[in-house]
There are 2 protein chains.
Amino acid sequence: MIDRAPLELERFLPYRLSILTNTVSQAIAREYERRFDLSVTEWRVMAVLARYDGEGLSAREVAERTAMDKVAVSRAVARLVAAGRVTRRTHHGDKRRSVLRLTAKGWKVHDAVAPLARAQEREVLARLDAEERAWLARILDKLLMA
Amino acid sequence: MIDRAPLELERFLPYRLSILTNTVSQAIAREYERRFDLSVTEWRVMAVLARYDGEGLSAREVAERTAMDKVAVSRAVARLVAAGRVTRRTHHGDKRRSVLRLTAKGWKVHDAVAPLARAQEREVLARLDAEERAWLARILDKLLMA
DNA sequence: TGCAAATGGTTTCATGTGAAACTATAAGGG
DNA sequence: CCCTTATAGTTTCACATGAAACCATTTGCA
């Protein structure tokens with residue numbers, strides 16, 4: 001049986017996910033790109049550095065925790081270091097590895113952006129009722145695991 | 001009250017949506033990009049042309065129905081025309097507008113790709129049970145309207 | 001009518017991005 | 001130990017993308 005019925009793009013899951021992701025991400029990204037000269041990739045790097053602060057993550061660990069590839073991380077880190085938002089040192093005992101940490105300046109940016117991000121998330125979730133939010137969380141968990 | 005708790009990226013909705021969208025889209029996109037030399041944007045254009053066939057859509061209408069901007073559509077159409085998959089004529093009575101249609105060759109590609117796309121969607125949805133699928137549809141409807 | 005504003009579409013420019021190649025260092029196996 | 005292989009990270013190249021400028025045509029209205 002040949003499957004020739006026209007594909008209805010607006011009912012097609014990958015398409016709908018793509019639209020939703022773009023609108024949700026862009027809404028906030030534009031804001032902090034403009035106000036802080038901070039790209040999405042840079043923000044993600046800052047977020048994980050903030051979260052695992054004190055440990056001093058390597059670029060590879062950042063890549064793992066942000067689902068970005070190492071090239072993207074390398075570039076984001078280079079910009080963050082140039083902007084004085086992140087320090088990069090060499091790992092004791094493994095000169096290949098870098099040790100990344102937020103600077104005080106980096107923390108200030110983080111503390112300004114984090115509430116914006118949270119507010120944006122709340123705004124989206126506010127359009128759902130409690131039951132829908134619970135299902136959404138569950139569905140994402142399921143689809144995202146391995 | 002200042003909101004300084006570290007932002008957990010892996011629980012953050014925009015981030016999770018972004019990961020999910022990328023994995024879902026790339027899984028299939030890679031396949032038909034390689035086999036048919038067809039980008040995601042080109043595929044979307046073909047999908048709406050197939051769906052509204054006979055009417056002969058303009059580039060603007062394609063843009064509306066694919067949520068792509070007019071630049072992206074212009075480029076995708078140019079490639080499709082060059083590949084002989086789409087014809088472009090000038091609208092009767094409005095020389096600014098184009099009238100786009102799939103060629104027989106275009107239909108062949110469409111008929112080969114559409115089942116791949118559907119199969120990919122089914123594969124994702126198969127990871128959810130019936131109840132979850134219903135909620136997902138409902139949640140996307142709600143989040144995507146307006 | 002004639003002219004400013006709007007519309008359809010393309011081109012240009014500056015920037016972002018992934019893949020692959022590359023450098024440097026470390027680890028592992030004979 | 002040496003030498004192959006693996007790993008961390010950067011650079012290069014080729015291409016995708018969005019914003020703004022642009023051209024042609026049409027519309028609205030003084």
inquiry  = Determine whether A:Arg75 and A:Ser39 satisfy the following criterion, side chain to side chain donor-acceptor pair (under 3.5 Å), listing intermediate values before the conclusion.
reply    = CA-CA 11 Å; A:Arg75 282 193 269 243; A:Ser39 72; over 6 Å; no
query = Hey, is the main chain of A:Ile19 close enough, under 3.5 Å, to the side chain of A:Thr23 for a donor-acceptor pair?
reply =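 Side chain of A:Thr23 to backbone of A:Ile19: a pair is present.
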key: Any donor-acceptor pair under 3.5 Å from A:Arg133 side chain to A:Leu125 backbone   =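 Checked: pair present.
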message = Please list, in numerical order, the residues of residues 14-38 of chain B that have a heavy atom closer than 4.0 Å to any atom of DNA chain C.
response =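 Listed by number, they are B:Arg30.
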message = Base, sugar-phosphate or nothing for B:Ser39? Non-hydrogen atoms, less than 4.0 Å.
response =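 The answer is nothing, as B:Ser39 stays clear of every strand by at least 4.0 Å.
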ask   = Would you call A:Asp37 and A:Arg85 a salt bridge, using N to O less than 4.0 angstrom?
value =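 The answer is no: the pair does not qualify as a salt bridge.
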A:Arg51/B:Glu10 ion pair, N-O < 4.0 Å =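 Salt bridge between A:Arg51 and B:Glu10, a charged N being under 4.0 Å from a carboxylate O: yes.
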Rounded to the nearest Å, what distance is computed from the [atom1] atom of residue [X] to the [atom2] atom of nucleotide [N]?
{"X": "A:Lys95", "N": "C:dA27", "atom1": "NZ", "atom2": "P", "value": "12 Å"}
{"X": "A:Arg96", "N": "C:dT25", "atom1": "CZ", "atom2": "P", "value": "10 Å"}
{"X": "A:Asp94", "N": "D:dT7", "atom1": "CG", "atom2": "C1'", "value": "8 Å"}
{"X": "B:His91", "N": "C:dT7", "atom1": "NE2", "atom2": "P", "value": "17 Å"}

message = Looking at every non-hydrogen atom in both residues, tell me the closest pair between B:Arg65 and A:Leu9 and how far apart they are.
response =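 Scanning both residues, the minimum pair turns out to be O-CD2, 4.1 Å.
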message = Show the nearest heavy-atom pair for residues B:Val40 and B:Ala29, with the distance to one decimal.
response =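 Heavy-atom minimum between the residues: CG2-CB, 3.6 Å.
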ask   = Out of D:dT17, C:dT10, D:dT25, which nucleotide sits closest to the side chain of B:Thr41?
value =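 Closest nucleotide among those given: D:dT17.
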query = Should the pair A:Tyr32 and A:Trp43 be assigned to parallel (<30°), tilted (30 to 60°) or perpendicular (>60°) ring geometry?
reply =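 Answer is tilted, since the angle falls between 30° and 60°.
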ask   = When you measure from every atom of DNA chain D, which of residues 58-75 of chain A have a heavy atom less than 4.0 Å away?
value =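 Of all residues in residues 58-75 of chain A, the ones placing a heavy atom under 4.0 Å from DNA chain D are A:Ser58, A:Ala59, A:Arg60, A:Lys70, A:Val71, A:Ser74, A:Arg75.
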